[in-house]
Each structure stands twice: as C-alpha cells, then as structure tokens.
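Accompanying notes for the structure given below.
Proteins get letters first, then strands, A, B, ... in listed order; numbering begins at 1 in each.
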Amino acid sequence: MNELYRNIYRLVAQIPEGRVATYGQIAALTGNPRAARTVGWAMHSVPRELRLPCHRVVNRAGQLAPLHIFGPGMQRALLEAEGVTFNRQGCINMRAHLWRGPKDQAGY
DNA sequence: GGTTTGACCCGTT
DNA sequence: CAACGGGCCAAAC
C-alpha cells in the first residue's frame, strides 16, 4: 500500500456525513491535483474492510459513479439517507453538500 | 518494458 | 450554455 493510497483513504474516511467530495478534490489534497483518475482507481481497489464512504466520492459534475459500488440506485439511497439532496437532473446539489476540505471537520 | 484503459478534470470550440 | 478533445497518474495486458 503506497502512501498516496493511504492519503486517499484517509481523506475519504474523513468525509463527514451529508457531504460529498470530488475525485479532483481528493487528488488535490493528496498533493496530486491531476491525479483524479488515480483516486478513482484507488476507490476501485479499496477493500471493503476499510468501510470507506466511497459513495460520498463523486465526479465534478455531481453525478455519482455509475453503479459501481453496492448496486443500481443504492448509492443515491445511501446519500439521501445521509441528508444529501439531488436536483432534477439526478445530480447532487454540490453547492450545498460539496466537502470544503479536511478542515471542515474541525467545525464551522 | 511499452501500450491501452479507466469510478476524472480542465480548456477550447 | 453545451459538446469535444487533450492531459495526468496508476494498474492491467
């Protein structure tokens, strides 16, 4: 396990409920702003034992990664259960739920 | 060891 | 404002 992956996993694990982060954001926080794809691959290769909220990681468009995680429509249900709202286009309301960063956890 | 693909992002047309 | 193409990083063939 490389440190890059550990950073990614850690950041993803720090995403609070009701909030979503983008691959680019995670990549930037890991020190590789252009490694968004790597983050996606890391999510693909993430063990379930870590219980990482991969369903809270979405693309820039606010669209969820198509049925890769638990099942079709399952991801949206999970996010909705956490309080995430979706707009008419089926995309997450990034304006309201986009994760501001690890510091957002400190409070505010 | 080089080439292709992938849960992506940004700039230009 | 929406669509198209190029670019970056890592893993699989």
Find the distance [X]:[atom1] to [N]:[atom2] and express it as a whole number of Å.
| X | N | atom1 | atom2 | value |
| --- | --- | --- | --- | --- |
| A:Arg60 | B:dG11 | CZ | C1' | 14 Å |
| A:Ile26 | B:dC9 | CD1 | P | 11 Å |
| A:Met94 | B:dC8 | CE | C1' | 13 Å |

Would you sort out whether A:Val57 and A:Ile15 count as a side chain to side chain contact (heavy atoms under 4.5 Å, CB included), showing the intermediate values?
CA-CA 9 Å; A:Val57 183; A:Ile15 302 174; 4.0 Å; yes

Given the C1' atoms of B:dA7 and C:dA3, what is the spacing between them in whole Å?
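B:dA7 and C:dA3 have their C1' atoms separated by 22 Å.
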
Are any of the side-chain nitrogens in A:Arg56 or A:Glu82 under 4.0 Å away from the carboxylate oxygens of its partner?
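Yes, charged N to carboxylate O under 4.0 Å.
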
Taking all atoms of both residues into account, what is the closest heavy-atom pair of A:Gly83 and A:His97, and its distance?
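Taking every non-hydrogen atom into account, O-CE1, 3.3 Å.
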
Quick one, give me the B/S/- string for nucleotides 7-13 of chain C, reading 5' to 3', where B means a protein heavy atom under 4.0 Å from the base and S means that only happens at the primed atoms, P, OP1 or OP2.
-BBSS--

Within the 4.5 Å heavy-atom criterion, are A:Val20 and A:Met94 side-chain neighbours or not?
yes

Do any side-chain atoms of residues 37-54 of chain A form donor-acceptor pairs under 3.5 angstrom with protein atoms, and if so which ones, sequence neighbours left out?
none

Side-chain donor-acceptor contacts of residues 22-33 of chain A below 3.5 Å, not counting sequence neighbours, with atom names and distances?
residue	atom	partner	partner atom	Å
A:Thr22	OG1	A:Gln25	N	3.1
A:Thr30	OG1	A:Ile26	O	3.1
A:Thr30	OG1	A:Ala27	O	2.5

